[in-house]
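This one's a predicted model, so the numbers in the text were calculated from it and none came from an experiment.
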Amino acid sequence: MPINAILFDLDGTLLDTLDDLAEAANRVLEQAGLPTHTPSAYRRFIGDGSRMLVTRAIPEDHRTPDRIEDLLIRFKDDYSRHWKTATRPYPGINDLLRELVRRGIPRAVVTNKPHAFAKDCVHHFFPDIAFQMIQGQKEDAPLKPHPRPALEAARQLCVAAPECLLLGDSDVDMQTARAAGMLPVGAAWGFRPVAELTAAGAVRVVHTPQEILEYLDGPSSQ
């Protein structure tokens, strides 16, 4: 079946946001008198929304609802002031997006990042790329791996779910694609290991953005 639209995860797929997220969380933890973590540790914390990121970063004996809520508010405030300090698009991403625009292939971002941050990041780092939809985490909507965000994106793009490729860097993204009936493709350059992507059902793992174009041009997409 041909691929007529591509849905992208954001953190770890389009953008390397690791250092800015880790630094914001660590500043909040340090201010609260809690232990901090290496940036590498945050690779496991990111992917299920900001509340889960904060929860995972807090020691287990401090994970009370009030404590989590307080530190989540502080984290969002800190991150709102530092989200573009070190964050950059991954190499080759801009070239991929420009080529998709040239080919007229619809594009959407489906992420568990809070919606306001998702829009800010996309508009700042990809000012010349039009995305038909940006779907971030909202209070009244489920997070990935629930298929609803991906299916809503397909509906907005007017493309059937089986004709959508979902590119992401985590098991959450692969589970989302499979639940939505989309093509799950893993991004090896992201935050999680390749083994996690394949175990979660990735039909293919790409090591460079250029491989997405090669996939689209190959016989399997015809």
Side-chain angles (χ1 to χ4, degrees), residues 7-26 28-29 34 36-60 62-80 83 87 108-122 134-153 166-180 182 184-202 205:
L7 278 55
F8 294 93
D9 175 50
L10 186 58
D11 298 288
T13 300
L14 292 178
L15 296 175
D16 183 356
T17 57
L18 182 64
D19 286 345
D20 284 338
L21 288 167
E23 289 296 322
N26 277 342
V28 169
L29 292 171
L34 297 173
T36 59
H37 307 276
T38 64
S40 182
Y42 282 93
R43 292 177 180 273
R44 300 298 312 174
F45 299 166
I46 297 166
D48 293 285
S50 56
R51 182 178 296 276
M52 186 57 69
L53 186 162
V54 170
T55 300
R56 288 168 174 159
I58 300 172
E60 288 188 23
H62 287 264
R63 292 177 186 172
T64 64
D66 287 347
R67 186 70 152 167
I68 292 170
E69 185 64 27
D70 175 56
L71 294 182
L72 176 61
I73 291 171
R74 296 191 198 185
F75 167 75
K76 288 182 176 180
D77 176 66
D78 188 291
Y79 187 65
S80 72
W83 57 268
T87 292
V109 173
V110 181
T111 173
N112 283 342
K113 196 181 196 74
H115 188 66
F117 289 144
K119 289 198 303 180
D120 286 345
C121 283
V122 171
I134 301 170
Q135 177 66 59
Q137 180 265 323
K138 299 178 180 178
E139 293 299 325
D140 59 347
L143 294 171
K144 298 181 298 184
H146 195 288
R148 189 192 302 173
L151 290 172
E152 176 61 20
L166 195 158
L167 179 67
D169 71 305
S170 74
D171 57 346
V172 170
D173 298 308
M174 301 304 98
Q175 293 162 8
T176 302
R178 296 188 73 85
M182 299 177 178
V185 176
W189 57 81
F191 298 158
R192 302 292 181 83
V194 169
E196 176 179 307
L197 299 171
T198 55
V205 175

Donor-acceptor pair, distance only, cut-off 3.5 Å: does the side chain of [X] make one with the backbone of [Y]?
{"X": "Arg178", "Y": "Ala202", "answer": "no"}
{"X": "Asp169", "Y": "Ala187", "answer": "no"}
{"X": "Arg192", "Y": "Leu197", "answer": "no"}
{"X": "His62", "Y": "Arg67", "answer": "no"}
{"X": "Lys144", "Y": "Pro149", "answer": "no"}
{"X": "Asp11", "Y": "Thr17", "answer": "no"}

How close do [X] and [Y] get, heavy atom to heavy atom, and via which atoms?
{"X": "Gly168", "Y": "Asp9", "result": "CA-CB, 3.8 Å"}
{"X": "Asp19", "Y": "Pro39", "result": "OD1-CB, 4.0 Å"}
{"X": "Cys121", "Y": "Tyr79", "result": "SG-OH, 4.4 Å"}
{"X": "Ser50", "Y": "Lys76", "result": "OG-CE, 3.4 Å"}
{"X": "Ala180", "Y": "Leu151", "result": "O-CD2, 3.6 Å"}
{"X": "Asp140", "Y": "Arg148", "result": "O-NH1, 4.2 Å"}

Within a strict 4.5 Å, meaning less than it, do heavy atoms of the [X] and [Y] side chains meet?
{"X": "Leu71", "Y": "Leu34", "answer": "yes"}
{"X": "Asp48", "Y": "Arg56", "answer": "yes"}
{"X": "Trp83", "Y": "Lys113", "answer": "no"}
{"X": "Pro184", "Y": "Leu166", "answer": "no"}

I need the [X] [atom1] to [Y] [atom2] distance, nearest 0.5 Å.
{"X": "Lys138", "Y": "Asn112", "atom1": "NZ", "atom2": "CG", "value": "13.0 Å"}
{"X": "Leu18", "Y": "Ile46", "atom1": "CG", "atom2": "CD1", "value": "5.0 Å"}
{"X": "Leu10", "Y": "Leu15", "atom1": "CG", "atom2": "CG", "value": "5.0 Å"}
{"X": "Asp171", "Y": "Glu196", "atom1": "CG", "atom2": "CD", "value": "4.0 Å"}
{"X": "Leu14", "Y": "Thr87", "atom1": "CG", "atom2": "OG1", "value": "12.0 Å"}
{"X": "Phe191", "Y": "Thr13", "atom1": "CZ", "atom2": "OG1", "value": "8.0 Å"}

Practice prompt. Could you tell me which residues satisfy side-chain contact (heavy atoms from CB on, under 4.5 Å) with Ala188, sequence neighbours excluded, listed by chain and number?
Written response: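 By the side-chain contact (heavy atoms from CB on, under 4.5 Å) rule, Ala188 matches Val194, Val205, His207.
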Item to complete: For the pair Arg74 and Asp70, find out whether any cationic side-chain nitrogen is under 4.0 Å from an anionic carboxylate oxygen.
Response: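 Looking at Arg74 and Asp70, the cut-off is met.
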Worksheet item: Do Asp173 and Ser170 have side-chain atoms, one donor and one acceptor, less than 3.5 Å apart?
Response: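 There is such a pair between these side chains.
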Worksheet item: Please walk me through it: do Phe8 and Thr111 pass side chain to side chain contact (heavy atoms under 4.5 Å, CB included)?
Response: CA-CA 8 Å; Phe8 294 93; Thr111 173; over 6 Å; no
Worksheet item: Should the pair Tyr42 and Phe45 be assigned to parallel (<30°), tilted (30 to 60°) or perpendicular (>60°) ring geometry?
Response: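 Perpendicular.
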Worksheet item: Given the rule in the side chain to side chain contact (heavy atoms under 4.5 Å, CB included) test, do Gln135 and Leu7 qualify, once you have shown the distances and angles that lead to the verdict?
Response: CA-CA 10 Å; Gln135 177 66 59; Leu7 278 55; over 6 Å; no
